[in-house]
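Letters A, B, ... are given to chains in the order of the sequence lines, protein chains preceding strands, and every chain is numbered from 1.
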Amino acid sequence: MPELPEVETMRRTIAGCVGTQVAAVERCPCPRKPILVSPRIDHLRRRLVGRTIVGTGRAGKRVVVQFDSDDKLVLEPRMTGLVLVADPPSAEHLRLRIGLDSGGRVVRDGTAASQLLYWDRRGLGSVRLFRPDEFAAAFGPEKLGPDGLDVTGPLLREKLGKSRRAIKVALLDQRAVAGIGNIYASEILHVVHIDPRKRCDRISKTDWQRIADATLEVLHEAIRCEGSTLGDGTYRNALNQEGTYQNLHRVYGRAGEVCPSCSDGEIRQVVQAQRSTFFCPACQRR
DNA sequence: CATATGTCCTGAGAGC
DNA sequence: TGCTCTCAGGACATAT
């Protein structure tokens with residue numbers, strides 16, 4: 001479940017790859033159904049080998065690696081994918097390896113960036129290379145809303161103010177805001193004491209502002225903690241280390257516990273749009 | 001048009 | 001113990 005904070009953490013951890021050159025690109029022998037890699041591996045290799053990484057970025061919940069050819073490699077972890085520079089959690093689910101030539105330079109933590117790996121247990125993710133026009137078409141403002149770290153009250157109100165959907169469901173809409181996923185949607189709404197089932201078109205102007213403020217606050221704090229590693233331990237940063245924001249979760253995964261805010265209610269778990277939502281019925285109001 | 005639902009995939013954990 | 005079943009929620013396709 002890498003969401004914005006987890007993907008941003010991955011991005012920051014691979015920043016040391018900037019300046020390195022691609023020496024090899026190989027699909028890893030994985031006995032399972034192969035993940036989506038495009039273009040096909042020989043074409044991908046032809047377009048990447050010898051190219052220099054000139055930057056890293058993020059498109060919502062995707063890691064973007066920029067090359068001197070102006071091509072962009074988009075790594076999309078979806079549920080269980082990881083972008084790594086260190087050894088992966090298991091060899092079994094390694095999907096793609098990009099060998100890097102760092103020219104003897106030393107990067108973050110004294111680790112030479114010698115490889116960029118894509119690992120994915122469930123294999124719902126993908127690795128795709130885009131030319132600039134293709135990238136713009138796939139991830140432009142038509143497809144992806146403003147980034148979660150750039151959200152403002154007026155922007156949220158403009159995008160969602162007339163929607164009849166429940167606010168928690170709407171916050172997961174990547175065309176409205178890019179990067180918020182199931183964990184942080186519940187967390188954000190608990191901060192502002194708004195019921196996740198409240199309809200967007202019944203949310204006041206000042207509450208949109210409060211939601212925007214809470215979004216920034218929660219996302220920045222989660223990035224500071226390098227994301228949330230849940231009980232299954234799947235999410236790791238690019239050095240294969242756990243995040244710590246799960247320890248600060250107010251409601252997510254805490255059904256039955258006392259509300260950390262009002263100490264008056266018990267955290268409830270409900271299902272909205274086929275996904276679990278966690279909230280405090282006592283202090284989050286419709 | 002807006003919104004809702006089904007689909008992909010694997011492994012952990014529940015329940016018998 | 002060992003099996004079967006359900007669930008986890010990313011994005012997108014299809015349905016309403």
Side-chain angles (χ1 to χ4, degrees), chain A residues 1-11 28 30-38 58-64 74-83 88-96 118-128 130 135 137-140 142-145 147-148 158-189 196-202 219 222 227-236 243 246 249 251-256 269-278:
Chain A
M1 58 299 4
E3 304 180 24
L4 189 155
E6 289 76 23
V7 175
E8 177 61 18
T9 300
M10 291 177 192
R11 187 197 70 75
C28 299
C30 191
R32 334 215 152 232
K33 186 173 195 285
I35 60 155
L36 171 63
V37 172
S38 81
R58 186 170 51 70
K61 301 171 190 171
R62 305 163 186 90
V63 173
V64 179
V74 176
L75 303 107
E76 184 171 321
R78 298 245 184 144
M79 297 296 296
T80 54
L82 296 178
V83 177
S90 76
E92 188 189 356
H93 299 100
L94 190 58
R95 311 289 182 148
L96 190 79
Y118 183 73
W119 179 97
D120 196 336
R121 178 152 56 72
R122 281 167 66 179
L124 296 174
S126 65
V127 180
R128 292 177 290 166
F130 293 85
F135 183 87
F139 307 111
E142 307 272 299
K143 298 290 178 67
L144 218 48
D147 191 73
E158 178 206 319
K159 293 270 179 189
L160 298 175
K162 292 196 170 82
S163 173
R164 301 163 65 90
R165 287 177 293 176
I167 175 64
K168 190 281 191 159
V169 174
L171 286 176
L172 299 180
D173 182 347
Q174 301 299 297
R175 287 189 209 257
V177 193
I180 297 175
N182 205 48
I183 294 173
Y184 297 101
S186 283
E187 293 297 312
I188 289 163
L189 291 174
R197 301 165 298 183
K198 182 163 180 164
R199 276 170 49 160
C200 288
D201 58 1
R202 297 190 177 153
L219 293 180
S228 302
T229 298
L230 301 183
D232 66 2
T234 296
Y235 165 71
R236 338 277 296 171
Q246 66 279 3
H249 285 181
V251 288
Y252 185 87
R254 299 197 184 278
Q269 178 175 2
V270 296
V271 173
Q272 292 181 283
Q274 270 94 269
R275 277 141 182 85
S276 290
T277 299
F278 297 86

Quiz item: In dot-bracket notation, what is the pairing pattern of DNA chain B, taking Watson-Crick (N1-N3 plus N6-O4 or O6-N4) and G-U wobble (N1-O2 and O6-N3) contacts under 3.5 Å, with [ ] crossing and | for other strands?
Solution: .|||||||.|||||||
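With sequence neighbours excluded, the residues that form a side chain to side chain contact (heavy atoms under 4.5 Å, CB included) with P34(A) are R27(A). Take R122(A) and apply the side chain to side chain donor-acceptor pair (under 3.5 Å) test, not counting sequence neighbours, and it matches no residue. Not counting sequence neighbours, the partners of R121(A) by the side chain to side chain contact (heavy atoms under 4.5 Å, CB included) test are T80(A), H93(A), W119(A), D232(A), T234(A). Applying the side chain to side chain donor-acceptor pair (under 3.5 Å) rule to R58(A) yields the partners E8(A), D147(A); only residues at least two apart in sequence or on another chain are considered. Looking at residues two or more places apart in sequence or on another chain, you find a side chain to side chain contact (heavy atoms under 4.5 Å, CB included) between A138(A) and F130(A). Applying the salt bridge (charged side-chain N to carboxylate O under 4.0 Å, His left out) rule to R62(A) yields the partners E76(A); only residues at least two apart in sequence or on another chain are considered. Among residues two or more places apart in sequence or in another chain, the salt bridge (charged side-chain N to carboxylate O under 4.0 Å, His left out) test is passed with R199(A) by D201(A). Residues satisfying the side chain to side chain contact (heavy atoms under 4.5 Å, CB included) test with A185(A), not counting sequence neighbours, are K168(A), L171(A), L172(A), I180(A).
Regarding H93(A), its NE2 atom lies at a distance of 13 Å from the C1' atom of dA12(B), rounded to whole Å. Computed from coordinates, the W119(A) CH2 to dG11(B) C1' distance equals 10 Å when rounded to whole Å. Remark: P of dC7(C) and CD of Q272(A) are 17 Å apart, rounded to the nearest angstrom. When the P atom of dC7(C) is taken as reference, atom CG of L230(A) falls 18 Å away, rounded to whole Å. The interatomic distance linking Q246(A) (CD) with dA8(C) (P) rounds to 18 Å, in whole Å. K33(A) places its NZ atom 15 Å from the P atom of dT7(B), with the value rounded to the nearest Å.
Mapped onto DNA chain B by nearest heavy atom, A273(A) and R121(A) fall at different nucleotides, with A273(A) at the one closer to the 5' end.
Rounded to whole Å, the C1' atom of dA11(C) lies 23 Å from the corresponding atom of dA12(B). For the P atom pair drawn from dG11(B) and dC12(C), the interatomic distance equals 24 Å after rounding to whole Å. The P atoms of dT6(C) and dG6(B) are separated by 15 Å, rounded to the nearest whole Å.
Under 4.0 angstrom from either OP1 or OP2 of dA8(C) there lies no side-chain N or O belonging to Y235(A).
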Quiz prompt | T229(A) vs Q246(A), side chain to side chain donor-acceptor pair (under 3.5 Å): CA-CA, chis, key distance, verdict | solution = CA-CA 6 Å; T229(A) 298; Q246(A) 66 279 3; 4.7 Å; no
Exercise. Would you mind building the protein contact string for nucleotides 10-15 of chain C? One character per nucleotide, 5' to 3', B for base within reach (heavy atoms under 4.0 Å), S for sugar-phosphate only, - for untouched.
Key: BBS---
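For the pair R165(A) (side chain) and S163(A) (backbone), a donor-acceptor distance under 3.5 Å is absent.
Pairs engaging residues 177-187 of chain A under the salt bridge (charged side-chain N to carboxylate O under 4.0 Å, His left out) rule: none recorded [sequence neighbours left out].
For the contact set between residues 160-171 of chain A and DNA chain C, defined by any heavy atom under 4.0 Å, there are no members.
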